[in-house]
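For the single chain, residues carry numbers from 1 onward in sequence order.
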Amino acid sequence: VSGVCLSKANKTILSKVKLSIQAGERVAIIGPNGAGKTSLLRVLANSIAFEGDRKTSANLVIAMVFQKPYIMRLKTQTQIALSLWWKGQSWSVAKKQALTALEKVGLLDQAQQSGRSLSGGQQQRLALARAWVSQPQLWLLDEPTASLDSHSRREVEHLMRDFSLQEHTSLVWVSHQLMQVKKLATRVVFLDKGKIILDLSHADFFNVQFWPSFPLPVQDLLNEEFI
């Protein structure tokens, strides 16, 4: 995307944002609350109206998973199978593929359980399984581990890495957890007041020798977390 501008009620959300994502990248978008991080994800997903340009490769499959995904009361297998059936898959094949997806995220034993009876971490894994069946090349995740306990967070992080390692697959996610970013990202983008003020490789972003040259909002965040 380039030249992206977005405003709401006379308030600037994004201002002249330019961002390109390459196949195989794991890009963490960080920054303070209200910086426009979720709005940028929506722009990448083309799920929100904005000014500017957006270019993608032909037939790019995109999956977006929210911080609090919508979970139906239906059985977990049925929820995933429905997403395939709506896209034209036969019901019998959809049900088999749903079981494969549940096994992928460690929820096969919960296949006949209502989605809303699952724990928070399990519901997030269900949402990831529901997205995985479409075999996306671009994953967009909005704070996927927020409010999860440490065990559930590690499970979701493992799946994030696993999915992103598939061929020609990229991962872009919003996070407030710098240790998670340090663990998973290949690139870090810092958004502040609707503008990208820093866009660096993982190695450069976490090189303490470079920190004094970073914009002050970035320095404050790093100092608070690591010093």
- prompt: So, the side chain of Gln123 versus the backbone of Gly115: is there a donor-acceptor pair under 3.5 Å, distance only?
  reply: yes

Between [Y] and [X], is there a side-chain heavy-atom distance shorter than 4.5 Å?
X	Y	value
Leu19	Val4	no
Cys5	Lys16	yes
Met160	Trp139	no
Phe205	Leu198	yes
Trp91	Leu82	yes
Trp85	Thr78	no
Ile29	Val172	yes
Ile62	Pro136	no

field: Shortest non-hydrogen separation from Gln112 to Thr76 and the atoms involved
entry: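 Reported closest heavy-atom pair: N-OG1, 4.3 Å.
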
query: Which heavy-atom pair separates Val43 from Ile48 by the least distance, and what is that distance?
result: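 In terms of heavy atoms, the two residues are closest at N-CG2, 3.7 Å.
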
Give, for atom [atom1] of [X] and atom [atom2] of [Y], the distance between the pair rounded to the nearest 0.5 Å.
X	Y	atom1	atom2	result
Glu225	Lys182	CD	NZ	10.0 Å
Met72	Leu126	CE	CG	8.5 Å
Ile30	Gln180	CD1	CD	11.5 Å
Leu102	Arg125	CG	CZ	10.0 Å
Leu159	Thr145	CG	OG1	12.0 Å

Donor-acceptor side-chain pairing of Gln124 and Ser152 below 3.5 angstrom: no

query: With distance as the sole criterion, is a donor-acceptor pair present between the side chains of Gln110 and Gln113 under 3.5 Å?
result: no

Partner set under ring-ring contact (aromatic ring centres under 6.0 Å, His included) for Phe206, not counting sequence neighbours: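 Checked Phe206 against ring-ring contact (aromatic ring centres under 6.0 Å, His included); matches are His202.
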
- line: side chain to side chain contact (heavy atoms under 4.5 Å, CB included) with Gln89: of Lys96, Gln97, Lys95, only one passes, and it is Gln97

For Arg187, the option from Leu200, Asp204, Ile21 that meets side chain to side chain contact (heavy atoms under 4.5 Å, CB included):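 Of the listed residues Leu200, Asp204, Ile21, the side chain to side chain contact (heavy atoms under 4.5 Å, CB included) partner of Arg187 is Ile21.
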
query: Should the heavy atoms of other residues, nucleotides or ligands under 6.0 Å from CZ of Arg116 be counted, would the total exceed 12?
result: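 Yes, enclosed.
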
- prompt: Just wondering, are more than 12 heavy atoms of other shown residues or ligands nearer than 6.0 Å to NZ in Lys104?
  reply: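 Yes, because the 6.0 Å sphere around NZ of Lys104 holds more than 12 heavy atoms from other groups.
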
task: Hey, could you give me each pair passing ring-ring contact (aromatic ring centres under 6.0 Å, His included) that has a residue in residues 171-195? Not counting sequence neighbours.
output: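 Listed once each, the pairs would be none.
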
